[in-house]
Amino acid sequence: MAGTHQLEAVFKSFCSFGAGKDEALMDSTKCSKLFRDLKLYGKSLTETDIDIAFDKVKAKTERKINFKQFQELLKVVAEQYKSDKRLDEGDDALKALIEDISFRQTPAQIPGASAGTDRVVGTSKYTVTS
């Protein structure tokens, strides 16, 4: 699959979000967060669709999915994503979805995204007079 390394890195970063450790399994909540944060939802692809697809790919007794199951989830929702993004007939919906996930950056990954903290802790903007 194209962009597998970047896709897996994004997958693992969302798995580990809030866990305090490296996590290799994703639950339904974090899966929805990934699609929401990367702005992949649309008219055809909704949070409910992701939940249904998540239930299709996970094992019946499990609550989380691994990376291989996540790739299967992407195959399930690719056509709905294609209709939202109005891709041409010849375009590969799955490839477009993977590229969208792999090459978008979440606010936590963008350098300087925490500009608000610079204002609070940055001393270069202040002058001290004695």
**Request:** List the steps, then state whether side chain to side chain contact (heavy atoms under 4.5 Å, CB included) holds for Leu74 with Leu7.
**Result:** CA-CA 11 Å; Leu74 295 179; Leu7 181 64; 3.9 Å; yes

**Asked** Taking all non-hydrogen atoms of both residues, which atom of Ala24 and which atom of Cys15 are closest, and how far apart?
**Response**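 Taking Ala24 first and Cys15 second, the nearest heavy atoms are C-SG, 4.1 Å.
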
Taking only residues two or more places apart in sequence, or in another chain, which ones meet [X] in a side chain to side chain contact (heavy atoms under 4.5 Å, CB included)?
X: Glu62; answer: Ala59
X: Ile50; answer: Cys31, Ser32, Phe35, Tyr41, Leu45, Val77
X: Thr61; answer: none

**Message:** Show me the pairs that pass salt bridge (Lys or Arg N to Asp or Glu O under 4.0 Å) and involve residues 46-61, at least two apart or across chains.
**Reply:** Arg36-Glu47

[atom1]-[atom2] distance between [X] and [Y], expressed to the nearest 0.5 angstrom:
X: Lys64; Y: Ser28; atom1: NZ; atom2: OG; value: 12.0 Å
X: Lys30; Y: Ile65; atom1: NZ; atom2: CD1; value: 12.0 Å
X: Phe17; Y: Met26; atom1: CZ; atom2: CE; value: 11.5 Å
X: Leu40; Y: Gln80; atom1: CG; atom2: CD; value: 12.5 Å

**Request:** Output all residues satisfying salt bridge (charged side-chain N to carboxylate O under 4.0 Å, His left out) with Lys12, sequence neighbours left out; order by chain, then residue number.
**Result:**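 Lys12: salt bridge (charged side-chain N to carboxylate O under 4.0 Å, His left out) contacts with Glu8.
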
**Request:** Only counting residues at least two apart or in another chain, list the ones meeting ring-ring contact (aromatic ring centres under 6.0 Å, His included) with Phe11.
**Result:**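 Per chain and number, Phe11 pairs via ring-ring contact (aromatic ring centres under 6.0 Å, His included) with Phe67, Phe70.
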
**Item:** Same apolar cluster: Leu25 and Leu34, side chain cutoff 4.5 Å
**Value:** no

